[in-house]
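What follows is a set of notes on a single structure, which appears directly below.
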Amino acid sequence: MTLRLFNTLTGQLDPLTPADGRALRMYACGPTVYDFGHIGNFRTFLHIDVLRRFLHLSGIQVRHVMNITDVDDKIIRNAAAAGQPIGEYTAPFEEAFFEDLDALRVERPELIPRATDNVPQMVALIQRLEKQGAAYRTEDGSWYFRIAAFPAYGKLSKKDLSGMEDGARVDVDEYEKDSSRDFALWKAAKPGEASWETPLGRGRPGWHIECSAMAMEYLGESFDLHAGGEDLIFPHHENEIAQSETATGRPFARHWMHVRFLLVDGRKMAKSEGNFYTLRDLLLKGYRASAIRLALISVPYRHPINFTFESLTDATGAIDRLRTFRSRLTSGEFPEGQNPAVEAAALAAREAYRAALANDLNTADARAPVFELVRSANTAMDKGEFFAANRESVLQVLADFDRVFDVLEDRDLEATRRALAWAEKSGRMADVAPELKASASISDAEIDTLVAERVEAKKQRNFTRADQIRAQLAEKGIVIEDAKDGTRWKRK
RNA sequence: GCACCGGUGGCGAAGUGGUAACGCGCUGGUCUGCAAAACCAGUAUUCACGGGUUCAAUUCCCGUCCGGUGCUCCA
């Protein structure tokens with residue numbers, strides 16, 4: 001089943017397949033490592049992760065490049081304020097970024113180049129543009145791209161720039177540019193700033209040229225897909241197209257995917273609004289990493305998502321339902337034989353699931369058949385109409401689901417413990433929710449011991465003691481369930 | 001101001017020209033020592049509002065209202 005994915009460039013759903021028939025070559029704009037990422041950043045990376053995982057599920061290999069922008073105005077400014085070299089300043093944020101990706105189970109791209117390791121490629125690209133008369137140097141030693149050299153400018157963002165007359169409202173001279181819309185390729189070094197000595201002069205690369213140079217270096221001049229957040233459409237991606245296609249005379253990326261924004265309480269997330277959350281903030285409030293992942297990917301990427309704490313609670317409930325079901329499926333004992341109705345339901349669910357994802361990665365739609373199967377299989381089990389031979393096909397549906405959603409395996413405590421360790425190191429223990437401190441303070445082994453004692457008490461029909469243990473564990477956020485085939489527990 | 005997107009049950013959220021998936025929640029029931037889990041039943045006669053096209057519109061068209069985003073750095 002071929003994935004049909006919305007293409008910003010054509011404005012329609014286009015099939016996404018590798019042009020070379022082997023591996024899909026994709027480039028995704030990565031983080032600028034000047035601070036901790038916020039959940040809006042991670043929504044984009046999560047949906048790109050959904051894309052690559054679905055491609056894998058469909059048997060398509062991927063060559064995925066994500067850059068790290070480790071030099072830009074904010075980094076230079078902040079590093080200077082901290083009295084550090086930029087590399088020293090960015091290193092911890094880069095590390096934190098990957099820790100957060102791990103917590104959210106985002107798979108690593110095949111290649112993760114840093115901007116500062118690819119400056120020569122950027123310089124070469126600017127020189128190539130200069131030879132074609134599309135790049136020029138200004139008095140201060142900066143280099144700009146001449147938008148007039150690329151008539152198709154605006155084709156991605158569908159902007160009509162004809163109304164923007166030079167000189168009408170912008171003082172062109174002030175910028176030393178030929179046209180107010182021309183953008184920087186290379187910024188001349190200012191005293192004390194990080195810079196590179198190059199044939200272009202001493203300076204540093206502009207943001208747009210970074211991505212063009214690295215995409216071409218690792219994927220070739222023309223490749224399958226370029227992805228990023230919706231805010232990058234203009235000017236970043238528009239500029240990438242202009243400079244890349246001018247230089248090579250070939251189409252840059254065939255397909256453009258843009259993930260829409262995450263809003264908080266109906267508004268864009270911003271520090272000034274006081275609705276700005278990092279992943280760490282949420283983990284320390286006691287929300288599970290898996291719930292954050294599920295909540296952020298359950299709204300399809302082409303719709304803005306309105307983030308609320310309630311959405312995390314909802315996702316937690318949904319995950320519990322799925323995990324409980326899977327454990328019933330794997331540990332339950334079922335009579336020999338098979339129920340054809342269950343087999344048919346599993347097959348139908350699997351097909352509906354894949355079809356939904358193939359339709360522009362409709363994650364909301366894809367969940368439905370999985371939950372429908374959970375209900376019908378649970379019903380069959382309750383009625384004793386679920387047989388041993390049905391187990392495999394139902395598990396297969398869960399496996400397909402989890403190949404993309406990746407929330408069934410409980411690894412939440414790991415991520416939470418790492419966040420707690422970080423909070424301790426950076427003096428943020430005051431932000432930790434009290435319930436979380438309690439829950440994290442008890443080990444699995446201690447819980448097992450108490451649960452075993454309770455099972456024994458129940459056997460003796462000592463319900464007072466049994467209830468006492470249950471209440472004691474509940475205080476630490478541990479829930480006990482007495483099922484027919486034994487007692488199990490979970491962390492809330 | 002210009003452009004774009006959206007308004008579906010208590011909340012989140014799919015979807016379709018022929019009378020509304022799924023998740024969470026809530027109510028009642030079954031089961032259970034009690035719970036939890038699970039299951040069953042009930043939770044939108046209706047998809048912002050007004051008009052139009054059609055045998056038929058939540059789904060297409062026009063208008064109104066409301067909300068959001070972009071046009072500068074931003075995932």
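In what follows, every chain begins at residue 1, and chains take the letters A, B, ... in the order their sequences are listed. Only a predicted model underlies this, so the values are computations on that prediction, with no experimental measurement involved.
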**Asked** For RNA chain B, what are the stems built from at least three Watson-Crick or G-U pairs in a row, each pair having both distances below 3.5 Å?
**Response**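 Listed by first number, the stems are B:1-7 with B:65-71, B:10-12 with B:22-24, B:25-30 with B:38-43, B:48-52 with B:60-64.
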Please find out if less than 6.0 Å separates the ring center of [X] from that of [Y].
| X | Y | result |
| --- | --- | --- |
| A/His226 | A/His255 | no |
| A/Tyr27 | A/Phe252 | no |
| A/His237 | A/His208 | no |

**Request:** Step by step, work out the side-chain contact (heavy atoms from CB on, under 4.5 Å) result for A/Asp224 and A/Met26.
**Result:** CA-CA 6 Å; A/Asp224 296 308; A/Met26 59 184 273; 5.9 Å; no
Reckon [X] touches a base, only the sugar-phosphate, or nothing at all at heavy-atom distances under 4.0 Å?
| X | result |
| --- | --- |
| A/Phe463 | base |
| A/Val299 | sugar-phosphate |
| A/Leu232 | sugar-phosphate |
| A/Pro300 | sugar-phosphate |
| A/Ser311 | nothing |
| A/Arg454 | base |
| A/Gly228 | sugar-phosphate |
| A/Leu262 | base |

**Prompt:** Distance-only, no hydrogens or angles: does the A/Arg108 side chain make a donor-acceptor pair with backbone N or O of A/Asp102 under 3.5 Å?
**Reply:** no
**Asked** Is the side chain of A/Gln338 donor-acceptor paired with the backbone N or O of A/Phe387 at a distance under 3.5 Å, no angle test?
**Response** no
**Message:** Checking A/Arg326 now: which residues fulfil salt bridge (charged side-chain N to carboxylate O under 4.0 Å, His left out) with it, not counting sequence neighbours?
**Reply:**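 Salt bridge (charged side-chain N to carboxylate O under 4.0 Å, His left out) list for A/Arg326, sorted by chain: A/Glu409.
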So which protein nitrogen or oxygen atoms get under 3.5 Å of nucleotides 1-8 of chain B's nitrogens or oxygens?
unit_1: B/C5; atom_1: O2'; unit_2: A/Arg260; atom_2: NH1; d: 3.3

**Message:** Is the phosphate of B/A38 approached by A/Arg321 (side-chain N or O, under 4.0 Å from OP1 or OP2)?
**Reply:** yes
**Prompt:** Looking only at side-chain N and O atoms, does A/Arg267 come under 4.0 Å of OP1 or OP2 in B/G67?
**Reply:**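 No.
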Quantified in whole Å, what is the [atom1] atom distance between nucleotide [N] and nucleotide [M]?
| N | M | atom1 | value |
| --- | --- | --- | --- |
| B/A14 | B/G50 | P | 25 Å |
| B/U8 | B/A13 | C1' | 9 Å |
| B/C24 | B/A37 | P | 10 Å |
| B/C5 | B/G63 | P | 14 Å |
| B/C11 | B/G25 | C1' | 8 Å |
| B/G6 | B/G42 | C1' | 31 Å |
| B/U53 | B/U69 | P | 37 Å |

**Message:** Rounded to the nearest 0.5 Å, what separates atom OH in A/Tyr153 from atom CG in A/Leu156?
**Reply:**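 Reported value, rounded in 0.5 Å steps: 10.0 Å.
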**Prompt:** Rounded to the nearest Å, what distance is computed from the CD atom of residue A/Glu481 to the P atom of nucleotide B/A36?
**Reply:** 10 Å
**Item:** Between B/C11 (C1') and A/Leu312 (CG): distance, integer Å
**Value:** 14 Å
Ignoring hydrogens and angles, answer whether the base of [N] and the side-chain atoms of [X] contain a donor-acceptor pair closer than 3.5 Å.
| X | N | result |
| --- | --- | --- |
| A/Asp72 | B/C73 | no |
| A/Asp314 | B/G12 | no |
| A/Asp467 | B/G33 | yes |
| A/Arg470 | B/A35 | yes |

**Prompt:** Which residues within residues 347-362 of chain A lie with some heavy atom under 4.0 Å of an atom in RNA chain B?
**Reply:**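 When residues 347-362 of chain A is checked for heavy atoms under 4.0 Å from RNA chain B, the hits, listed by number, are A/Asn362.
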**RNA chain B-proximal residues of residues 377-384 of chain A, any heavy atom under 4.0 Å** =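 Within this stretch, A/Asn378, A/Thr379, A/Asp382 sit under 4.0 Å of the strand.
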**Request:** For A/Asp400, check side chain to side chain donor-acceptor pair (under 3.5 Å) against everything at least two apart and list the hits.
**Result:**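 A/Arg350, A/Arg354, A/Gln396.
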